[in-house]
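Here's the structure we're looking at; comments come further down.
Sequence lines set the chain letters: A, B, ... in the order given, protein chains first and strands last, and positions in each chain run from 1.
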2 protein chains.
Amino acid sequence: MVMEDGTSTFPRHIADTKACEIRDLLDRLADKWSLLVVELLGDGSRRFSELKREIDGISQRMLTLTLRQLERDGLVTRTVHAVVPPRVDYELTPLGASLLAAIEPLVGWARTHRDDIASARDRYDVSA
Amino acid sequence: MVMEDGTSTFPRHIADTKACEIRDLLDRLADKWSLLVVELLGDGSRRFSELKREIDGISQRMLTLTLRQLERDGLVTRTVHAVVPPRVDYELTPLGASLLAAIEPLVGWARTHRDDIASARDRYDVSA
DNA sequence: CGGCATCCTAAGGGATACTG
DNA sequence: CAGTATCCCTTAGGATGCCG
């Protein structure tokens, strides 16, 4: 924030406030798969093998790790059904759903500005 | 999307549509520093050394790489002033500003649900 | 089916030294 | 001041094999 006298109240190190929040955000979502899983579960609960099939290219290991972390953060519930063969369902919690809502603007931005970025890249690359 | 008859029009592989957009998004922003730089520049233009000072822990190398990529994607402009010592200013483009706006809901979410996540984690960790 | 445990590599990114 | 170049190390994450 810039005051009328020209001084600024913005912290010299953004680490103080915003940076911490953003860091949290990145630590939680900025991996290769978390956002994809959240987005998928937004469409409804899924079992492990369904997620594995629907998320192109994910390994079993990474799906497990991703789901565990989402569960730990309270974004996803894990429900084990005592049947044979075993069946495990994953579902967004209300908190997870609220995250999904907060992500939508960003996904929308990516969609609408996809071309802008592509052309900006082309311009940059030819000039270089 | 789930139809009235219970069938779903949601693609089996989300790679088809949403996943691509999300992938784009992640490729662009899911690194350690890009979001931090964008957020900082949202407060106004900065020169290289200012960014370096304000972003706690970033190396000269990574700041350069991050800024180059943001410039390439058309999110940031780089202005070199022909003075000595050299002075280079970085500023958000309109596209960059629109991205910042799209990020705000997410940053807000992180702030409001910070405690929810922390307590969810504690619960998970003690039960494990 | 839904996982762990192990191994292994590719890439991200820090530290340092040099330059216009 | 604002980079570039080089080296090096840590980590994400893929492949594979085993188990309840």
What's the spacing between B:Glu71 CD and B:Thr77 OG1 if we round to 0.5 Å?
8.0 Å
B:Tyr90 has an atom OH; how far is it from atom P of D:dC1, in whole Å?
14 Å
Taking atom C1' of D:dG13 as reference, at what distance in whole Å does atom CD1 of A:Ile58 sit?
10 Å
Taking any heavy-atom pair under 4.0 Å as a contact, classify B:Lys32: base, sugar-phosphate, or nothing.
sugar-phosphate
I'd like to know if the side chain of B:Arg23 and the backbone of A:Lys32 have a donor-acceptor N/O pair within less than 3.5 Å.
yes
Looking only at side-chain N and O atoms, does A:Arg53 come under 4.0 Å of OP1 or OP2 in C:dG2?
no
Which nucleotide wins on minimum distance to the side chain of A:Asp31, given the candidates C:dC4, D:dG14, D:dG13?
D:dG13
From the candidates D:dG13, D:dC1, C:dG3, the one with an atom nearest any side-chain atom of A:Gln60 is C:dG3
A:Arg87 CZ to D:dG20 C1', straight-line distance once rounded to whole Å
19 Å
Nearest-angstrom distance from the residue atom CG of B:Leu65 to P of C:dG13
9 Å
In Å and rounded to the nearest 0.5 Å, what is the CG to CG distance from A:Leu29 to A:Leu75?
7.5 Å
Rounded to whole angstrom units, what separation is found between the CD atom of A:Glu71 and the P atom of C:dG2?
15 Å
Among D:dG3, C:dG14, C:dC1, the nucleotide that comes nearest once only the side chain of A:Pro86 is considered
C:dC1
Report the C-alpha distance between A:Asp89 and A:His81 in whole Å, list the side-chain angles of each, state the deciding distance to 0.1 Å, and finish with yes or no for side-chain contact (heavy atoms from CB on, under 4.5 Å).
CA-CA 8 Å; A:Asp89 284 322; A:His81 301 279; 2.8 Å; yes
Which value, rounded to the nearest 0.5 Å, describes the distance between A:Asp73 atom CG and B:His113 atom NE2?
13.0 Å
Can you check whether A:Arg68 has a side-chain N or O nearer than 4.0 Å to OP1 or OP2 of C:dC4?
yes
Would you say D:dA12 has OP1 or OP2 under 4.0 Å from some side-chain N or O of A:Arg61?
no
Whole-Å distance between C:dG13 C1' and A:Arg23 CZ?
12 Å
Could you state the CE-P distance from B:Met62 to D:dC7, rounded to the nearest angstrom?
19 Å
For the pair made of CG in A:Leu67 and C1' in C:dC4, what is the distance, rounded to whole Å?
14 Å
Below the 4.0 Å mark, does D:dA2 have OP1 or OP2 next to a side-chain nitrogen or oxygen of B:Ser49?
yes
